[in-house]
2 protein chains.
Amino acid sequence: MARRGTSDDLPANGAPVSMADLARELGVSTTTISRALSDHHSIGPATKQKVLKLAKKLNYQPNHLAAALRRGQSRLLGVVVPYIEGRFFASVVHGIEQAATKAGYSVIICQSSEDVVQERRNIDTLLGAQVAGLLVSLARGTHDFRHFDKVRKRGTPLVFFDRTPAAEAVNAVVLNDRAGGYISTQHLLAQGCQRVAHIAGPPHMTIYQGRRQGYLDALADAGRPADAALVVDADMTQEDGERAMRALLALPAPPDAVFAAGDSALLGALQVLKAAGRRVPADVALAGFSNEGFTLITEPRLTSVDQHCEEMGQAAVRMLLELVADPGRASAQRQVVLQPELMVRESSLRGPAGA
Amino acid sequence: MARRGTSDDLPANGAPVSMADLARELGVSTTTISRALSDHHSIGPATKQKVLKLAKKLNYQPNHLAAALRRGQSRLLGVVVPYIEGRFFASVVHGIEQAATKAGYSVIICQSSEDVVQERRNIDTLLGAQVAGLLVSLARGTHDFRHFDKVRKRGTPLVFFDRTPAAEAVNAVVLNDRAGGYISTQHLLAQGCQRVAHIAGPPHMTIYQGRRQGYLDALADAGRPADAALVVDADMTQEDGERAMRALLALPAPPDAVFAAGDSALLGALQVLKAAGRRVPADVALAGFSNEGFTLITEPRLTSVDQHCEEMGQAAVRMLLELVADPGRASAQRQVVLQPELMVRESSLRGPAGA
DNA sequence: TTGTACGCGTTATCAA
DNA sequence: TTGATAACGCGTACAA
């Protein structure tokens, strides 16, 4: 491949135009080109216009790789999520993309598949890609956080969202899960339910701790005793929900309402109730968490807590970019807490509007 | 920030270890280091071991940015999808990630939100990030393909998947949509349905052309006349499905089966049928396309065509990496066609197993 | 306001 | 088998 000479010839083939090409063409230095393109102050308006015009004409495209190497900092953000199917993470990722793109950053997304080992690999991959910052939502099984020490040691800004390490001082954007559990339970009580059960998530995860606490607080504030038998630990799959619901139905005094910490589990519960001939919401009222798309498809439609997913993604990017811009502040922990919103549907409505 | 001197001191702070550091420490040249690390042939086994050992000890991490700049080629793949919610694209992306990671590449994902303008921006962003190759599934409204000329001119390998440009010679991984339409329709006919309707997608998109053709072929092969009134054009949202189904019900001779080119549209159809008091599948049998998660939630559950999404993603990456490795072959168009699979469920079963 | 010179970390080429 | 040297494209002290 013949490289072009030192005189004023231009890349004839599809080869990208560099600053040096522009400089040669205009008979100025690359410094001048650089300054014109990056809106530097010490540059004459005339030269600047000339450069910009030629850049446009020759369709100059900056080489971000070179700039990144120079600055020791790419324009890439790394994202690690447990998975991407379902409404919640897909929407958060969408929010992240929007905010990042607007700020001139691109986004690399990795899925840990709820696996700590994969999560570690993801982190390595992303650090290897020289990302400017990291956005992470933990895998279910992550108890050991040593892989994040690398990140801190390296000085790469790090923001957690939704699923954060318990009892660690970190930068994070989270939902007020406690409030979500509270309003759901309160709503079920307001519908006249006497025995509200809770299908709870893995106790070591902060989000499920919050939802559980909100449930308990709502009962307490309403002057109802908390019955330990009405709280069932489960993972949050549909099958777990089925198991949990069967256990609740087998109680001497079964519940007349269920608040599940996840919609998939609630879906399982609904199907068990239907199979058992219980009417929803007349016999058992239901409320879930995440406002998944399928809550509008079931019969009856499911009441659920919306988490404002896209906002969460945007807020996380905003926080991350502040840290990127000002690495000095990276040590001071920051938290943003978003408020949940209850979407009331037929599965919990016992009033005249009930099914 | 004091930079370390030229003698044998090492980065004390969190600064990354470079090849130069290793070279200094061992008293060899960076060339040797490079060769040892990249498994080059002309290197002594002894030196190689020494280098690898020290690299491990000092936790050397290669700077991909620098390598990419030097080679003019990053280890990033760019992906453009219309959206990421729902089973199909989420799974394809998962397949892409798996295959890419295994080959040592990372993936940048962009959503066009079914918008050509955004799609163009995505392409620019990805080219700007110096991706080694591009994987694209077109937005619904993309008729003009000029933004891909840039890609070709630049020599960046490009593979389309699922939604490809009509009548353009391109590299692509697609489903045999015609076969999908065929087996669905054939199945409905085999269930004894007499008047099979089709809710068809936008006629300019290749995937919907295929599904429509498969439907027509199955009718023809069964010796049934095609009734133009039974084919309704629609977009593929739930609302479009509802509208289409209402139109079909209003016919003088309504259908007793519907094959929809997308599951969301089929969901809309199902709801209209239920509201109209029609029994599914007894009065009207249903079959859809994409095997979305919610096909297992509806009552009855929906028969649908599975597209082997993850395989599609993996196949696309495989093809792309072949082009990356051998840019000479980039001009010869290649196509991979995957076979669909019909998932039969209650919505189409009229036999003894029917609802 | 403009230009010169150098370095970011890696790899390809050529010479020893 | 190893090393010296240059180059990838950009940005920035420093000098003019």
Side-chain angles (χ1 to χ4, degrees), chain A residues 1-6 10-11 15-51 55 58-75 127-130 132 154, chain B residues 1-6 10-11 15-51 55 58 60-75 127-130 132 154-155:
Chain A
M1 265 185 240
R3 190 65 190 158
R4 51 192 182 275
T6 58
L10 284 172
V17 180
S18 74
M19 286 192 177
D21 294 321
L22 300 183
R24 233 188 331 265
E25 189 75 359
L26 288 179
V28 298
S29 76
T30 58
T31 312
T32 303
I33 306 292
S34 174
R35 286 203 255 245
L37 294 172
S38 56
D39 228 19
H40 198 274
H41 60 275
S42 49
I43 179 119
T47 16
K48 183 166 159 185
Q49 284 314 312
K50 248 199 304 219
V51 172
L58 297 187
N59 190 31
Y60 165 78
Q61 299 294 119
N63 186 331
H64 292 104
L65 246 40
L69 175 61
R70 179 67 235 262
R71 299 177 35 215
Q73 182 80 241
S74 80
R75 302 285 277 184
L127 289 180
Q130 245 89 8
R154 186 155 167 165
Chain B
M1 266 185 242
R3 190 64 189 159
R4 49 191 183 277
T6 57
L10 286 171
V17 179
S18 73
M19 287 191 176
D21 294 321
L22 300 182
R24 228 184 340 259
E25 191 75 0
L26 288 178
V28 299
S29 76
T30 58
T31 312
T32 303
I33 305 291
S34 173
R35 287 204 259 248
L37 293 172
S38 55
D39 227 18
H40 197 274
H41 61 275
S42 50
I43 178 116
T47 15
K48 183 166 159 186
Q49 283 315 312
K50 247 198 307 218
V51 172
L58 297 188
Y60 166 77
Q61 299 294 119
N63 186 331
H64 292 106
L65 247 39
L69 173 61
R70 179 60 238 248
R71 302 179 32 215
Q73 183 79 240
S74 79
R75 301 285 277 183
L127 289 180
Q130 243 89 9
R154 185 153 168 168

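First the proteins, then the strands, lettered A, B, ... as listed; each starts at 1.
Taking atom CG of residue L65(A) and atom C1' of nucleotide dA7(D), one finds them 15 Å apart after rounding to whole Å. Following rounding to the nearest Å, K50(B) (NZ) and dT1(D) (C1') show an atom-to-atom distance of 13 Å. Computed from coordinates, the K48(B) NZ to dT2(D) P distance equals 12 Å when rounded to whole Å. Distance H41(B) NE2 to dT2(D) C1': 12 Å, rounded to the nearest Å. For the pair R75(A) CZ and dC10(D) C1', the computed distance is 14 Å after rounding to whole Å. Atom C1' of nucleotide dG9(C) and atom CG of L37(B) are separated by 12 Å, given to the nearest angstrom.
Across R35(B) and I43(B), no two heavy atoms sit closer than the pair CB-CD1, 4.1 Å. Between T30(B) and A20(B), the shortest heavy-atom distance links the atoms CG2-CA, 3.9 Å. Between G128(A) and H64(B), the closest heavy-atom pair is O-ND1, 2.7 Å. Smallest separation of non-hydrogen atoms from S74(B) and Q130(B): OG-O, 2.6 Å. Residues A66(A) and L69(B) share a closest heavy-atom pair of CB-CD1, 3.8 Å.
Remark on the helix from dT1(C)-dA16(D) to dA16(C)-dT1(D): inter-end axis angle 40°, axes from five-pair C1' superpositions, rounded to 10°.
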Summarise protein proximity over nucleotides 10-15 of chain C in one line of letters, 5' to 3': B for base, S for sugar-phosphate only, - for none, counting protein heavy atoms closer than 4.0 Å. BBB---

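When the side chain to side chain donor-acceptor pair (under 3.5 Å) test is applied to R75(B), the partners found at least two apart in sequence or on another chain are Y105(B).
Side-chain N/O atoms of S42(B) include none lying less than 4.0 angstrom from OP1 or OP2 on dT1(D).
Residue-level contact check: L69(A) touches the bases, meaning some heavy atom is under 4.0 Å from a base atom. As judged by a 4.0 angstrom heavy-atom cut-off over every strand, G72(B) is placed among residues making no nucleic acid contact.
Side-chain contact between V28(B) and K50(B) is absent, with no heavy-atom pair separated by less than 4.5 Å. Between Y60(A) and I33(A) the shortest side-chain heavy-atom distance does not fall below 4.5 Å. With a 4.5 Å cut-off on side-chain heavy atoms, L26(B) and L22(B) do not count as touching.
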